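The next block holds one structure in the form of structure tokens; read it before the comments.
Residue numbers start from 1 in every chain, and the chains themselves are labelled A, B, ... in the order their sequence lines are given, proteins ahead of strands. Side-chain atoms are counted along with the backbone in the values below, which use heavy atoms only and exclude waters and symmetry mates. Here the structure is a predicted model, which means the values were calculated and not measured.
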Protein chains: 2
Amino acid sequence: MTPATPADQRRPMRADARRNYDLLVAVATELFREQGADAPMDDIAKRAGVGPGTLYRHFPHRDALLAAVVADSIDALYARAEELLTEEDADEALRLWLVAATRHAGICRGLAASLVSSMYDEGSPLRASCDRMHEAGARLLRRAQQEGSAREEFDAAVLFELVAAVAWVAERSTDGLASAERLLPALSKGLIAGR
Amino acid sequence: MTPATPADQRRPMRADARRNYDLLVAVATELFREQGADAPMDDIAKRAGVGPGTLYRHFPHRDALLAAVVADSIDALYARAEELLTEEDADEALRLWLVAATRHAGICRGLAASLVSSMYDEGSPLRASCDRMHEAGARLLRRAQQEGSAREEFDAAVLFELVAAVAWVAERSTDGLASAERLLPALSKGLIAGR
DNA sequence: ATTGAAAACGGACAGTGTCTCCGGTACGGT
DNA sequence: ACCGTACCGGAGACACTGTCCGTTTTCAAT
């Protein structure tokens with residue numbers, strides 16, 4: 001699969017457009033990681049050496065750009081879920097995926113917030129990513145409820161929200177990921193009844 | 001105790017200053033509740049009928065204003081904790097306080113974020129409120145660990161972060177508090193081992 | 001190779017919000 | 001009533017977002 005592509009078009013993109021598109025995604029990835037998902041759009045355009053007009057034509061909103069930036073790693077997370085579905089211990093598989101998902105949402109400061117927002121926004125460009133995470137979590141949770149000892153009363157939406165919440169806390173604590181790793185056990189123990 | 005007061009000064013505030021101070025807190029309370037904790041500062045000044053200069057002299061940062069606004073309800077939350085310390089069932093007391101704390105953090109959109117930030121920021125004006133909540137939670141948690149069946153491995157910091165996280169999710173879900181009430185059980189079950 | 005229409009470029013700009021500076025005002029002690 | 005001082009509040013510098021539109025580039029047809 002070619003890397004992130006704008007909505008399919010019968011006519012291929014013009015060469016200069018394609019070049020700028022790819023360049024912008026690369027620069028945004030860099031800047032989001034450095035400064036968080038609220039890095040100034042103008043700075044992204046500037047660093048890519050294009051005008052703001054060009055940036056906004058390719059990505060009308062910040063979320064459109066963010067979606068292009070995280071698409072790859074969402075794919076990886078989805079693949080990880082499929083891999084974990086073959087793990088014998090269903091509870092452990094769920095636990096491991098929660099860790100992976102939290103780590104993913106920590107790619108850049110502000111991502112968790114955008115993902116949660118997109119969950120309630122039908123038209124968000126991040127919606128596709130959100131749905132993929134949602135589905136990946138749902139499959140692991142369902143199996144853990146049937147084969148393992150995950151409590152019946154929770155669903156994938158709760159799972160998603162809790163992961164986002166933990167990632168969000170981790171974003172703003174000084175000790176970063178360490179904080180997430182203290183919180184996740186509390187969460188896992190709530191979801192999964194002791195054996 | 002007189003309501004929220006600026007840092008004690010030997011000289012009492014001048015009458016006009018005092019009037020503006022109180023007015024600003026009242027207006028901010030109103031606007032934060034309506035529009036969230038990121039309501040434009042200029043709007044607050046405008047609605048209070050003062051210039052932005054006046055607002056910023058009394059409250060140099062948004063957090064200083066926010067701190068004055070939430071001080072009272074933090075006191076109430078602290079009092080609630082003391083009350084719950086007399087409840088027979090230590091686990092149930094903790095659970096009830098978590099609900100109260102989550103509800104408190106939901107006073108206005110954006111408050112949870114500011115509270116968590118202040119937890120890692122020595123100089124934040126919200127720090128005092130943060131510490132009070134922290135301490136209230138710590139006492140209830142300690143008792144639930146000794147007399148009830150709260151797990152030993154968690155501490156008040158985790159408690160605080162989890163409450164903030166749940167409140168944060170609730171802020172941005174369309175179904176608001178209902179969402180928090182779906183999430184809290186997962187959290188409680190993680191903190192408190194089944195009997 | 002030339003050409004011309006469509007597509008893309010990118011700078012200027014309007015709108016919004018934050019925060020500061022400073023000339024003028026009004027308070028309150030004497 | 002006076003005067004020094006603390007306070008007031010508007011003007012404006014600065015930052016970011018997103019749009020508009022005249023200019024430039026590309027590429028396919030000739």
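Taking B:Asp131 as the reference, B:Arg127 meet the side-chain hydrogen bond (donor to acceptor under 3.5 Å, both in side chains) condition, with sequence neighbours excluded. For B:Arg62, the side-chain hydrogen bond (donor to acceptor under 3.5 Å, both in side chains) test picks out no residue, with sequence neighbours left out. In this structure, A:Phe32 has no ring-ring contact (aromatic ring centres under 6.0 Å, His included) partners at least two apart in sequence or on a different chain. Scanning for side-chain hydrogen bond (donor to acceptor under 3.5 Å, both in side chains) contacts around A:Arg143 gives A:Glu147, with sequence neighbours left out. Applying the side-chain hydrogen bond (donor to acceptor under 3.5 Å, both in side chains) criterion to B:His104, with sequence neighbours excluded, gives B:Ser73.
B:Arg18 has its CZ atom 17 Å from the C1' atom of D:dC8, to the nearest Å. One interatomic measurement links the two molecules: CZ of A:Arg19 to P of D:dT24, which rounds to 18 Å at whole-angstrom precision.
Once rounded to the nearest 0.5 Å, the distance linking CG of B:Leu23 with CZ of B:Arg19 reads 9.5 Å.
Put simply, the side chain of A:Arg14 and the base of C:dA8 share no donor and acceptor less than 3.5 Å apart. Counting atom types as modelled, A:Arg57 pairs no side-chain N or O with a base atom of C:dA8 as donor and acceptor under 3.5 Å.
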Inset, instruction - Using a 4.0 Å heavy-atom cut-off, write out nucleotides 10-19 of chain D from 5' to 3' as B (base contacted by protein), S (sugar-phosphate only) or - (no contact). - result: BB----SBBB
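For D:dC7, neither phosphate oxygen OP1 nor OP2 lies less than 4.0 angstrom from any side-chain nitrogen or oxygen of B:Asn20.
Heavy-atom distances under 4.0 Å link DNA chain D to no residue of residues 109-124 of chain A.
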Let me have the donor-acceptor pairs involving side chains of residues 46-56 of chain A, under 3.5 Å, with sequence neighbours excluded, atom names and distances please.
| unit_1 | atom_1 | unit_2 | atom_2 | d |
| --- | --- | --- | --- | --- |
| A:Arg47 | NH1 | A:Glu30 | OE1 | 3.0 |
| A:Arg47 | NH1 | A:Glu34 | OE2 | 3.3 |
| A:Arg47 | NH2 | A:Glu34 | OE1 | 3.3 |

For residues 111-121 of chain A, dump all side-chain donor-acceptor pairs below 3.5 Å to protein atoms at least two apart in sequence or in another chain.
| unit_1 | atom_1 | unit_2 | atom_2 | d |
| --- | --- | --- | --- | --- |
| A:Ser114 | OG | A:Gly110 | O | 3.4 |
| A:Ser117 | OG | A:Ala113 | O | 3.1 |
| A:Ser118 | OG | A:Leu115 | O | 2.7 |
| A:Tyr120 | OH | A:Glu161 | OE2 | 2.3 |
| A:Asp121 | OD1 | A:Gly123 | N | 3.1 |

